[in-house]
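One structure is given here, and the rest of the page talks about it.
This is a predicted model, so every value here is computed, not measured. Proteins come first, then strands; the chains are lettered A, B, ... in the order of their sequence lines, and each starts at number 1.
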There are 4 protein chains.
Amino acid sequence: MRGVKIDFDAAKPIYQQIMDGLCRAVARGELRPGDKVPSQRDMALTLRVNPNTVQRAYREMEREGLLETARGWGTFITRDRSLLEGIRRRLAEEAVTAFVDELEALGLEREEMMELLRSRLESERRIRDDHGAEGEETPGP
Amino acid sequence: MRGVKIDFDAAKPIYQQIMDGLCRAVARGELRPGDKVPSQRDMALTLRVNPNTVQRAYREMEREGLLETARGWGTFITRDRSLLEGIRRRLAEEAVTAFVDELEALGLEREEMMELLRSRLESERRIRDDHGAEGEETPGP
Amino acid sequence: MRGVKIDFDAAKPIYQQIMDGLCRAVARGELRPGDKVPSQRDMALTLRVNPNTVQRAYREMEREGLLETARGWGTFITRDRSLLEGIRRRLAEEAVTAFVDELEALGLEREEMMELLRSRLESERRIRDDHGAEGEETPGP
Amino acid sequence: MRGVKIDFDAAKPIYQQIMDGLCRAVARGELRPGDKVPSQRDMALTLRVNPNTVQRAYREMEREGLLETARGWGTFITRDRSLLEGIRRRLAEEAVTAFVDELEALGLEREEMMELLRSRLESERRIRDDHGAEGEETPGP
DNA sequence: GTGGTCTAGACCACA
DNA sequence: GTGGTCTAGACCACT
């Protein structure tokens with residue numbers, strides 16, 4: 001599973017990290033509605049994790065409606081696109097809320113928040129551009 | 001302690017909520033270098049938590065250098081302003097990182113992030129202005 | 001845990017005695033990098049102390065980087081050998097400092113310190129040799 | 001009181017630090033049998049400490065026989081030289097014991113202990129010599 | 001009255 | 001079974 005990284009030292013439980021990873025793979029379009037997700041067994045092997053842990057993640061995502069299980073066939077991303085889009089929007093909104101709340105708590109003004117974000121995105125762009133240039137032909141005139 | 005709110009249902013441990021609360025009270029300037037923080041017992045009473053829980057929060061913050069304790073006298077905000085400023089900056093940077101990482105994972109572009117933040121801040125401003133207008137003179141003619 | 005002795009009457013807190021004991025077990029090579037240390041409950045039972053006391057010791061040692069904990073799996077000695085060696089050297093240096101400072105405060109000269117140490121080590125050697133001789137063959141003529 | 005330094009952050013209680021300080025001042029010959037020690041009030045002022053704390057230190061040292069109080073006259077170092085010498089020897093022996101025990105716990109051999117001490121004393125000598133040279137005339141040939 | 005330590009015992013999340 | 005958190009309540013040392 002590209003895109004699912006487990007940090008065994010993180011405060012966040014592993015099963016939630018799996019949920020997050022899948023959730024975002026869907027949000028990014030890496031996994032599409034109706035796609036089959038790896039079997040619990042496979043996922044457990046590739047992530048080096050206890051199968052029970054994968055099972056718990058799948059179970060909870062099924063509860064949320066994001067996954068659907070067909071016994072004997074495997075587990076699949078729901079075809080309910082509105083649900084998927086809803087999840088994506090929810091995650092994004094939660095991220096904004098967390099960000100604004102935190103910086104407000106630190107006493108930052110709205111302009112400072114925007115500026116902080118802008119400068120971070122700017123520096124990230126430069127880093128990525130630099131990296132990208134390393135292995136590529138310089139585009140000629 | 002104004003500014004330290006405990007959510008007993010939150011996933012985050014109470015002692016960390018206390019740490020966050022104090023940390024931000026300092027960041028906002030509500031608590032100043034050298035100020036005395038409430039005694040463990042007082043804080044425990046006002047927050048309705050066990051004194052040991054407060055003690056743990058204080059102990060960890062002392063470890064970080066944010067608090068200093070004088071036996072029999074009480075516990076105080078460190079006078080090391082550079083440390084305090086460092087903590088504030090660290091918290092802000094972490095917030096930005098979490099925000100950008102999360103939204104990148106969801107496949108959003110930089111412009112979308114900026115727009116998302118802008119619209120949130122805009123709507124918050126309106127809400128606050130409306131609230132503020134309730135008890136105030138309407139400005140201007 | 002061989003090598004961890006608790007003195008309930010000592011001025012030094014029990015949790016620090018546990019830390020010292022583990023620290024030295026590592027320094028002596030009795031516990032090796034990556035080894036599992038007893039679970040908090042086990043350690044508490046064998047030492048006849050409260051599990052919370054063990055937990056505090058473990059937590060502080062984790063903070064120092066000496067221990068690492070894997071949720072649900074147990075607690076382990078760090079694999080970072082340089083850190084371990086650093087701790088050993090630090091403990092040794094601190095012991096020397098304490099010794100020299102104390103004897104300097106008492107007005108002893110450097111030669112006297114060396115002599116004091118030499119005579120102590122000499123007498124200890126004799127005692128150990130005597131003990132050792134009890135159960136052993138007397139070395140031949 | 002030259003030679004009595006208080007570390008308010010130390011684990012060791014302040015009253016014990018005072019006891020240690022006086023004890024060593026005597027051991028070094030800075031205070032001699034029969035000498036008057038500062039009044040509790042004076043000592044408290046110079047050390048920036050609560051008078052009760054000084055009182056406790058004096059009281060305990062009186063119990064040990066190191067101090068003698070003459071009401072209305074002040075407090076004095078005992079004239080019992082053998083007692084003083086006994087205390088000095090006891091402190092020295094305790095220091096040696098602590099040193100050897102600690103380094104043994106770390107798995108050091110006798111030769112290593114001697115070497116460690118020798119090198120420390122050597123480096124201290126150099127430092128002191130260097131400092132001493134700073135403010136003095138270089139002795140000409 | 002302040003912080004420091006310790007105990008006993010409970011519940012939870014995780015693997 | 002493992003560590004993590006929390007509560008309740010005790011005792012101590014220091015000021």
- Message: Does C:Arg32 have more than 12 heavy atoms from other residues, nucleotides or ligands lying within 6.0 Å of its CZ?
- Response: no
Whole-Å gap separating [atom2] ([N]) and [atom1] ([X]):
X       : N      : atom1 : atom2 : result
B:Lys12 : F:dG4  : NZ    : P     : 18 Å
C:Arg48 : E:dT7  : CZ    : P     : 12 Å
D:Gln16 : F:dT15 : CD    : P     : 11 Å
B:Asp9  : E:dA13 : CG    : P     : 12 Å

- Task: For C:Ile14 and for B:Trp73, locate the closest nucleotide of DNA chain E by heavy-atom distance; then report the residue assigned to the nucleotide nearer the 5' terminus.
- Result: B:Trp73
- Task: Between B:Asp42 and A:Arg56, just flag the one whose closest nucleotide in DNA chain E comes earlier from the 5' side.
- Result: B:Asp42
- Select one nucleotide: of E:dA15, E:dG3, F:dT5, the one nearest the side-chain heavy atoms of A:Thr53. E:dA15
- Listed nucleotide nearest any side-chain atom of C:Pro13, set F:dT5, E:dT5, F:dG3: E:dT5
- What is the distance from atom CD of B:Gln17 to atom CG of B:Leu22, rounded to the nearest 0.5 Å? 12.0 Å
Look at the side-chain N and O atoms of [X] and state whether any lies under 4.0 Å from the OP1 or OP2 oxygen of [N].
X       : N      : value
B:Ser39 : E:dT2  : yes
C:Thr75 : F:dT2  : no
B:Gln55 : E:dG4  : yes
D:Tyr15 : F:dA13 : no
C:Gln40 : F:dG4  : yes

- If you take atom types as modelled and just measure distance, does the side chain of C:Arg41 reach the base of F:dG1 with a donor-acceptor pair under 3.5 Å? no
- Does the base of E:dG9 carry an N or O that pairs as donor and acceptor with the side chain of C:Asn52 under 3.5 Å? yes
- Query: Charged N to carboxylate O under 4.0 angstrom, A:Arg56 versus A:Glu60?
  - Reply: yes
- Task: Taking only Lys NZ, Arg NE, NH1 and NH2, and the carboxylate oxygens of Asp or Glu, determine whether B:Asp7 and B:Lys12 approach each other closer than 4.0 Å.
- Result: no
- Task: Mind checking D:Asn50 for me? I need base, sugar-phosphate or nothing, with any heavy atom below 4.0 Å counting as a touch.
- Result: sugar-phosphate
- Message: Heavy atoms only, 4.0 Å cut-off, all strands: where does C:Arg59 land among base, sugar-phosphate and nothing?
- Response: nothing
- Residue whose nearest DNA chain F nucleotide is more 5′ - B:Pro51 or C:Ala70: C:Ala70
- Task: Would you please name every residue forming a side-chain contact (heavy atoms from CB on, under 4.5 Å) with C:Glu68, sequence neighbours left out?
- Result: C:Thr78
